[in-house]
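Since the model is a prediction, treat every value here as computed from it, not as a measurement.
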Amino acid sequence: MTTTEGLLTTLPGSYYTDPGVFAAEQEKIFEPMWFCAIRADDLPAAGAFRTVRIGRESVILARGRDRVIRGFLNVCRHRGAQLCTDEEGSVGRAFRCTYHAWTYDLTGKLIAAPNLASMPDLDRSAHGLVSVTVREWLGYVWVCLADSPPSFADDVEGAVVERLGDLESIDAYDLPSLKVGRRIRYDVKANWKLIVENFMECYHCATIHPELVEVLPEFANGYAAQYYVGHGAEFGAGIEGFTVDGSPGLDRIPGVSQAQDRRYYAITVRPQVFINLVPDHVIFHRMVPLAADRTVVECDWLYLPGVVESGKDVSASVELFHRVNQQDFEACERTQPAMSSRVYARGGVLVPSEHHLAGFHDWVRTRID
């Protein structure tokens, strides 16, 4: 909808506060879509696992003895006890329920239970853990809970193509080979959509991101790099690297082209991933919405293996986007309380440089209404 001043209206405030809306999003957005759960390197050896909240479900991701990563709903098939209560760990060769000792191997098959010999007709495969679809891409593990997952090429890879123009542009950064140099987990007291909207626009950049605008001067104009297909924001004159003080960065990723050098690219992969590409590292955000007013964001700074293994100081590059994250999340937390105000009952407005957010709002409505 357009106002008389040529401004577009946003979603109503209830979309950010109503538990019913949040429940619908969990069921119709996060569960049936591809969800980026963990970095594959988070599971270094057979038996290593991590649990992740996806929609209304707890999901176990574990590496098998064959090195394959599999996903299962975190529910014992006997009486429904949660198998893994820790966020991460190692189970060795099998998952054992602490309630009645039903035990499952790393492929999810039921392999042991008290008095199992007295139940010869029990189909161990049929009573194994319920598996979910898993796909590895960009060095991350993507999960879909739907019985018939949507096209990964269309929904996930397609988001990158829509932003960059092709997949070759992101392949140049060779994300699967990079290593986590720093990981920071943020617990944000705001709705996940406020975080997405914030990441997609730069109307706020000159106001709250002085360090970022110093490095990327064009952001002072209010147009985010995501506004234009294939465009990367250019480093400012005298800026040597994507660092908090403009100092030189670290070892450049070899595949980065001359056209990509000294540029920053931002990508949103709906519903919960942000990818930031610069010549010497990649910043990868994964969101986990836990409530209408609470979202956990896990952010990885990825560098060449030699940078991480040699112990080089990555603090200048980490600090730049860590400050950006803090500034953004503080703004989102300041916005969240007003979503329940009568002033915002019918929503706010989008200025021209934010008009692309209307597409995100339409997408949310289409998914849940």
Side-chain angles (χ1 to χ4, degrees), residues 1-36 52-58 144-146 150 155 159 186-204 207-208 222 224 226-227 268-274 285-298 325-369:
M1 182 183 298
T2 305
T3 70
T4 55
E5 297 85 5
L7 306 178
L8 302 181
T9 56
T10 69
L11 293 171
S14 60
Y15 274 69
Y16 304 88
T17 61
D18 187 341
V21 170
F22 182 74
E25 292 169 345
Q26 296 285 68
E27 177 185 358
K28 298 178 180 180
I29 293 178
F30 294 102
E31 292 176 20
M33 295 189 68
W34 287 100
F35 188 100
C36 188
V52 181
R53 172 64 58 178
I54 302 178
R56 299 163 297 177
E57 298 284 358
S58 174
C144 184
L145 305 190
D155 285 12
Y186 305 88
D187 197 332
V188 188
K189 297 178 179 62
N191 186 272
W192 68 278
K193 295 187 294 301
L194 291 178
I195 299 172
V196 173
E197 293 161 10
N198 173 278
F199 184 75
M200 290 180 65
E201 56 91 359
C202 210
Y203 188 49
H204 68 279
T207 307
I208 70 171
Q226 295 187 72
Y227 197 86
T268 301
V269 182
R270 295 185 301 225
Q272 44 80 247
V273 169
F274 310 143
H285 296 71
R286 290 168 286 122
M287 294 193 304
V288 181
L290 297 179
D293 59 355
R294 184 184 174 210
T295 308
V296 168
V297 184
E298 196 161 83
N325 285 337
Q326 290 177 312
Q327 291 156 354
D328 280 338
F329 299 153
E330 180 183 356
C332 292
E333 290 182 337
R334 188 182 305 120
T335 303
Q336 180 66 38
M339 294 296 97
S340 59
S341 169
R342 69 186 70 183
V343 175
Y344 214 79
R346 295 185 180 180
V349 295
L350 301 172
V351 301
S353 63
E354 302 170 308
H355 279 188
H356 58 298
L357 298 186
F360 172 63
H361 295 159
D362 290 342
W363 175 81
V364 170
R365 286 190 178 100
T366 300
R367 297 288 308 195
I368 69 171
D369 287 352

Distance-only, no hydrogens or angles: does the H204 side chain make a donor-acceptor pair with backbone N or O of D328 under 3.5 Å?
no

Taking the side chain as every heavy atom from C-beta outward, state whether N325 and V297 have any pair of such atoms under 4.5 Å apart.
no

Strictly by salt bridge (Lys or Arg N to Asp or Glu O under 4.0 Å), give each pair with a member in residues 332-341 just once, sequence neighbours left out.
E330-R334

Is there side-chain contact between L7 and P352, with heavy atoms separated by less than 4.5 Å?
yes

Identify, with sequence neighbours excluded, every residue that meets side-chain hydrogen bond (donor to acceptor under 3.5 Å, both in side chains) alongside Q26.
none

When rounded to the nearest 0.5 angstrom, what is the spacing between CZ in R367 and CZ in F30?
10.5 Å

About how many Å separate CD of Q272 and CD1 of I29, when rounded to the nearest 0.5 Å?
11.5 Å

Worked check of side chain to side chain contact (heavy atoms under 4.5 Å, CB included) between F22 and D293:
CA-CA 9 Å; F22 182 74; D293 59 355; over 6 Å; no

Under 3.5 Å: donor-acceptor pair, side chain of R286, backbone of E298
no

Determine the sole option in I368, T366, D362 for which the side chain to side chain contact (heavy atoms under 4.5 Å, CB included) test with V364 is passed.
I368

Residues which pass salt bridge (Lys or Arg N to Asp or Glu O under 4.0 Å) with D187, listed by chain and number, not counting sequence neighbours:
R294

Mind checking salt bridge (Lys or Arg N to Asp or Glu O under 4.0 Å) for E25 and listing every partner two or more places apart, or none if nothing turns up?
K193

How close do P12 and A345 get, counting heavy atoms only, and between which atoms?
CB-O, 3.3 Å

Under 3.5 Å donor-acceptor, R53 side chain and R56 backbone
yes

Sequence neighbours excluded, the answer for ring-ring contact (aromatic ring centres under 6.0 Å, His included) partners of H361 is none

By side-chain hydrogen bond (donor to acceptor under 3.5 Å, both in side chains), R346 pairs with (sequence neighbours left out) none

Measuring from atom OH of Y344 to atom OH of Y16, what distance do you get when rounded to the nearest 0.5 angstrom?
5.5 Å

Any donor and acceptor pair, going by atom type alone, linking the side chain of Q336 with main-chain N or O of N191 inside 3.5 Å?
yes

Just verifying a value: how many Å separate N198 CG and Q327 CD, rounded to the nearest 0.5 Å?
10.5 Å

Checking Y186 now: which residues fulfil ring-ring contact (aromatic ring centres under 6.0 Å, His included) with it, not counting sequence neighbours?
H322, F329

Can you sort out the partners of P337 under side-chain contact (heavy atoms from CB on, under 4.5 Å), two or more places apart, ordered by chain and number?
none

Here the pair of heavy atoms bringing A331 nearest to I208 is CB-CD1, 4.1 Å

With sequence neighbours left out, the residues meeting side-chain hydrogen bond (donor to acceptor under 3.5 Å, both in side chains) with T17 are none

Check the orientation of F199 and F274. Use parallel for under 30°, tilted for 30 to 60°, and perpendicular for over 60°.
parallel

Going by atom types only, do Y15 and T10 share a side-chain donor-acceptor pair under 3.5 Å?
no

Under 3.5 Å donor-acceptor, E354 side chain and V351 backbone:
yes

Under the side-chain contact (heavy atoms from CB on, under 4.5 Å) test, residues paired with T335 that sit two or more places apart
L194, M339

Quick one: OG1 on T268 to NE2 on H285, what's the gap to the nearest 0.5 Å?
10.5 Å

Closest non-hydrogen atoms of W363 and P271, given as atom of the first, atom of the second and distance, are CH2-CB, 4.0 Å

Listed by chain and number, what are the side-chain contact (heavy atoms from CB on, under 4.5 Å) partners of A358, not counting sequence neighbours?
L8, L350

Nearest 0.5 Å, please: how far is CG in L11 from CD in E197?
6.5 Å

Test of understanding: with side-chain contact (heavy atoms from CB on, under 4.5 Å), list the residues that count as partners of A146, not counting sequence neighbours.
P32, C144

Evaluate side chain to side chain contact (heavy atoms under 4.5 Å, CB included) for L145 paired with I54, printing each intermediate quantity in order.
CA-CA 8 Å; L145 305 190; I54 302 178; 4.0 Å; yes

